[in-house]
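Here the structure comes first, spelled out in structure tokens, and everything after it is commentary.
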Amino acid sequence: MSFLLLLTFLNLVFGSIVSKRSFDAKFAYTSVLSTTWSTFWHNEYQAFDLNDPSCNPNFSYAAVWDVAVAGKAIVDSGDVQKTTQVINSLYKFQNSEGWFTSSPGGSDIYTDDNSQVLWVFLDAYKLTQKEAYLNTAVNLMHLIQTQWSQIGGITWQKDATYVASISTTEAALSAVKVYEYNNDKTLLTFANSCLTWLDEHLTDPSDGFYYDGINKDTWQVNKGKLTYTVGTAISTYSYLYKFTGDATYLKKATKMASATLSSSTFLNNNGAWNNDLCYVHLLFCGFADLITIGGKTSYTSALVDQANFIYLFDKLDSGDYSLYTKAQSLYEQYVKITGDSKSVNYNYNPDNFCNGDVNKPRKSVLDDGSAAQIFYSVVRVS
Ligand SMILES: *[C@@H]1O[C@H](CO)[C@@H](O)[C@H](O)[C@H]1NC(C)=O
């Protein structure tokens, strides 16, 4: 399909359906937040469950990434009691060096997960003024900075060979967020170095987006692309603009933001961003930062429409979130409402359901937490 036809579809779904349906982001946010808690928080373990309890009644600890994503959405609600519970559950993942491992007591350490953990601690500090939370975040920042590789960029897994764009952009965003609290100017230099390195080594000139990463020993590049690297860079550039006043940063942020709305890389033919919720929520956060910190209010309506699309088409009957291209019931509903059976495909994958049963989409705390962050980003700009 040509890009002009694509834009016609964009009008069809976004123009006639999405933007004409009123969307109460505050309601969407608080609803999915309470569903997330009631579905996945386990009182006995005081932790989020990895499993969908309706698929598997046994508890397993959700991965630290999942906890950080859902946890940040909880902290942002301002609920101090639940914030304390989330923070205490995160501390179960911390090892003696200060890193947060993928599972409690485990040994896998991903630097991008640790950035997302850092953001939860900063937000929790902002809410509660507990110094321990700020100290945890600042120490984590220093640990993440030790992972600057010999070829530049931040290694994805601690001391390993793959240097990912996501670990590098998230380290940069962590740096500017920590700067806001401790005014350590070296953190601004560090954030700038991360983004400059990405410009030089991992940027696709055809759309301006980042490749997934590079092996520091073989220099082999993985050319996959995901929205979260771009969203995180937009956020970082917005903060750098705020702290330095340098409009070059704002220009870079708006160029990237506009590209996500015009390049086919991240758009489905119906005009909706095409990544899973866990990768796209940071693009929503990037837009919210660009609007609230960078003052670029012209992006508000695009942000609201993208979030409304998720609210209309990704919400399961239970109030949990999946993806309309993954859950058959959601796909059928999408086709029925829009009349569009061409611009996206649905492919059955048994892993997306409990025991492969299409009537039981598998829920996850990561999907729910990502949806909550998406709606919260709209609350921020409303
Ligand atoms: C839950 O745990 C029990 C006891 O260990 C086990 O027999 C059962 O297979 C588990 N259920 C699932 C769905 O994994």
Side-chain angles (χ1 to χ4, degrees), residues 31-74 81-82 84-96 99-110 112-114 116-117 120 156-157 226 275-281 310 313-334 345-374:
S31 306
V32 67
L33 213 52
S34 75
T35 303
T36 306
W37 193 266
S38 62
T39 306
F40 293 102
W41 183 259
H42 199 289
N43 264 322
E44 189 190 328
Y45 288 91
Q46 285 293 304
F48 284 116
D49 194 347
L50 175 71
N51 301 319
D52 176 346
S54 58
C55 294
N56 182 347
N58 300 335
F59 173 87
S60 321
Y61 282 101
V64 76
W65 177 24
D66 312 20
V67 181
V69 171
K72 186 169 186 316
I74 302 274
Q81 194 198 326
K82 287 196 172 78
T84 306
Q85 288 175 282
V86 162
I87 289 291
N88 289 340
S89 79
L90 274 171
Y91 275 130
K92 294 176 190 179
F93 294 77
Q94 196 178 31
N95 73 12
S96 54
W99 286 106
F100 288 74
T101 56
S102 291
S103 56
S107 54
D108 286 342
I109 296 166
Y110 290 91
D112 57 342
D113 294 351
N114 275 268
Q116 299 218 23
V117 168
V120 181
W156 184 46
Q157 204 170 0
L226 290 166
N275 273 207
D276 271 13
L277 299 177
C278 62
Y279 302 122
V280 83
H281 81 262
I310 287 167
F313 300 121
D314 288 345
K315 184 161 53 116
L316 301 167
D317 291 341
S318 59
D320 299 277
Y321 280 75
S322 177
L323 206 61
Y324 71 118
T325 50
K326 276 184 174 172
Q328 187 168 317
S329 54
L330 293 177
Y331 183 73
E332 284 167 357
Q333 176 188 265
Y334 167 81
N345 291 320
Y346 163 76
N347 292 309
Y348 172 72
N349 175 349
D351 293 344
N352 294 333
F353 304 94
C354 297
N355 308 312
D357 180 349
V358 294
N359 297 312
K360 291 184 187 161
R362 183 193 295 278
K363 297 168 285 199
S364 81
V365 69
L366 182 57
D367 283 341
D368 280 2
S370 298
Q373 285 208 33
I374 285 166

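Quick note: residue numbers are just sequence positions, from 1. Both ligands and their constituent atoms are indexed starting at 1 by order of listing.
For atom 11 (N) of ligand 1, a protein non-hydrogen atom is found at a distance below 4.0 Å. Taking a distance limit of 4.0 Å, we find that atom 4 (C) of ligand 1 is approached by no protein heavy atom.
For residues 42-62, the pairs satisfying salt bridge (charged side-chain N to carboxylate O under 4.0 Å, His left out) are D52-K363, with sequence neighbours left out.
Between the side chain of Q373 and the main chain of K72, no donor-acceptor pair closer than 3.5 Å is present. The backbone N or O of T36 lies less than 3.5 Å from no partner atom in the side chain of T39, so there is not a single donor-acceptor pair.
The single protein non-hydrogen atom nearest to atom 14 (O) of ligand 1 is N56 ND2, 3.5 Å, given as residue, atom name and distance.
For atom 2 (O) of ligand 1, the candidate residues are N355, N51, N58; the nearest heavy-atom contact is made by N58.
Aromatic ring orientation, F93 versus Y61: perpendicular (interplanar angle above 60°, classes split at 30° and 60°).
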